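Okay, so here's the structure we're looking at.
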Amino acid sequence: MNYTLLITVFLTAVVLVLGAYVVAKLIGPRSYNPVKGEPYESGIPTRGSSWLPVSVGFYLFAILFLMFDIETVFLYPWAVVVKQFGPMALVSIGFFLLVLVFGLAYAWRKGALEWK
């Protein structure tokens, strides 16, 4: 098997990464001070404990977003083959979208999309 293309892609990736690193080192700003090494977020030092409880609503919202986002990705393969399979593919896409809409309505009705 000929690995020329694979080796070319790998070497191109290595050269581009190293080139970007060298260019950043050459033209990047060079101001070093001890304050830059201190741990803080967004420029404001923390007051008190940083370990605060996070509402489960954030996790629920993120999971719902991922679920619907990934399910909509499944529409692309159907869109490619819908012409080949005819009306049955269109019915199955319609059923899939109906399930998505019912799932969204259920989450909305339960208050999963509200920030409290």
Side-chain angles (χ1 to χ4, degrees):
M1 183 172 200
N2 192 356
Y3 291 104
T4 307
L5 182 61
L6 182 65
I7 292 170
T8 304
V9 169
F10 181 73
L11 288 177
T12 303
V14 169
V15 167
L16 286 176
V17 169
L18 289 176
Y21 182 74
V22 167
V23 168
K25 281 293 186 184
L26 290 176
I27 66 173
R30 292 182 184 90
S31 63
Y32 302 106
N33 59 28
V35 176
K36 287 188 176 185
E38 292 182 10
Y40 61 87
E41 185 151 342
S42 70
I44 301 170
T46 58
R47 283 181 267 158
S49 175
S50 298
W51 294 97
L52 300 174
V54 178
S55 172
V56 73
F58 292 113
Y59 297 110
L60 183 60
F61 194 83
I63 288 172
L64 284 171
F65 172 76
L66 288 174
M67 183 178 71
F68 286 107
D69 191 43
I70 290 171
E71 285 179 350
T72 54
V73 168
F74 289 131
L75 293 175
Y76 290 112
W78 270 327
V80 171
V81 297
V82 71
K83 212 176 220 185
Q84 295 171 354
F85 290 114
M88 192 57 195
L90 197 57
V91 168
S92 66
I93 290 172
F95 180 73
F96 181 74
L97 289 175
L98 187 67
V99 169
L100 279 178
V101 168
F102 280 144
L104 180 61
Y106 177 77
W108 196 343
R109 180 99 170 153
K110 287 290 187 179
L113 303 176
E114 295 177 9
W115 295 105
K116 295 179 184 177

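Only a predicted model underlies this, so the values are computations on that prediction, with no experimental measurement involved. Quick note: numbers below take in every heavy atom, side chains included, and nothing from hydrogens, waters or symmetry partners.
- Through direct or relayed side-chain contacts under 4.5 Å between Ile, Leu, Val, Met, Phe, Trp and Tyr, Val15 connects to no other residue.
- Between Thr4 and Thr8, the shortest heavy-atom contact is O-OG1, 2.6 Å.
- Hydrophobic cluster membership differs between Val99 and Phe65, with clusters built from Ile, Leu, Val, Met, Phe, Trp and Tyr side chains linked at under 4.5 angstrom.
- To the nearest 0.5 Å, atom CZ of residue Phe58 and atom CD1 of residue Ile63 are 14.0 Å apart.
- Taken from CZ in Phe102 to CG in Leu104, the straight-line distance is 11.5 Å, to the nearest 0.5 Å.
- Of the options Leu75, Val80, Val82, a side chain to side chain contact (heavy atoms under 4.5 Å, CB included) to Trp78 is made by Leu75 and by none of the others.
- Residues Tyr106 and Tyr59 do not share a hydrophobic cluster, defined by chaining ILVMFWY side chains whose heavy atoms lie under 4.5 Å apart.
- Annotation for Phe68 and Gly103: closest pair CZ-C, 3.7 Å, computed over non-hydrogen atoms.
- The CG atom of Leu100 lies 10.5 Å from the CZ atom of Phe95; values are rounded to the nearest 0.5 Å.
- Two different hydrophobic clusters hold Phe96 and Val91 under the rule that ILVMFWY side chains link at heavy-atom gaps under 4.5 Å.
- The same ILVMFWY cluster, assembled from side-chain heavy atoms under 4.5 Å apart, contains both Met67 and Ile70.
- Here Met88 contributes atom CE and Ile93 contributes atom CD1; the two are 11.0 Å apart, rounded to the nearest 0.5 Å.
- For the residue pair Arg30 and Lys25, the shortest heavy atom distance occurs at NH2-O, 2.8 Å.
- The distance from the CG atom of Leu6 to the CG atom of Leu11 is 9.5 Å, given to the nearest 0.5 Å.
- Other residues sharing a hydrophobic cluster with Leu5 under the 4.5 Å side-chain heavy-atom criterion for ILVMFWY residues are Val9.
- Nearest heavy-atom pair, Pro77 versus Phe74, reported as atom, atom and distance to 0.1 Å: CD-O, 3.3 Å.
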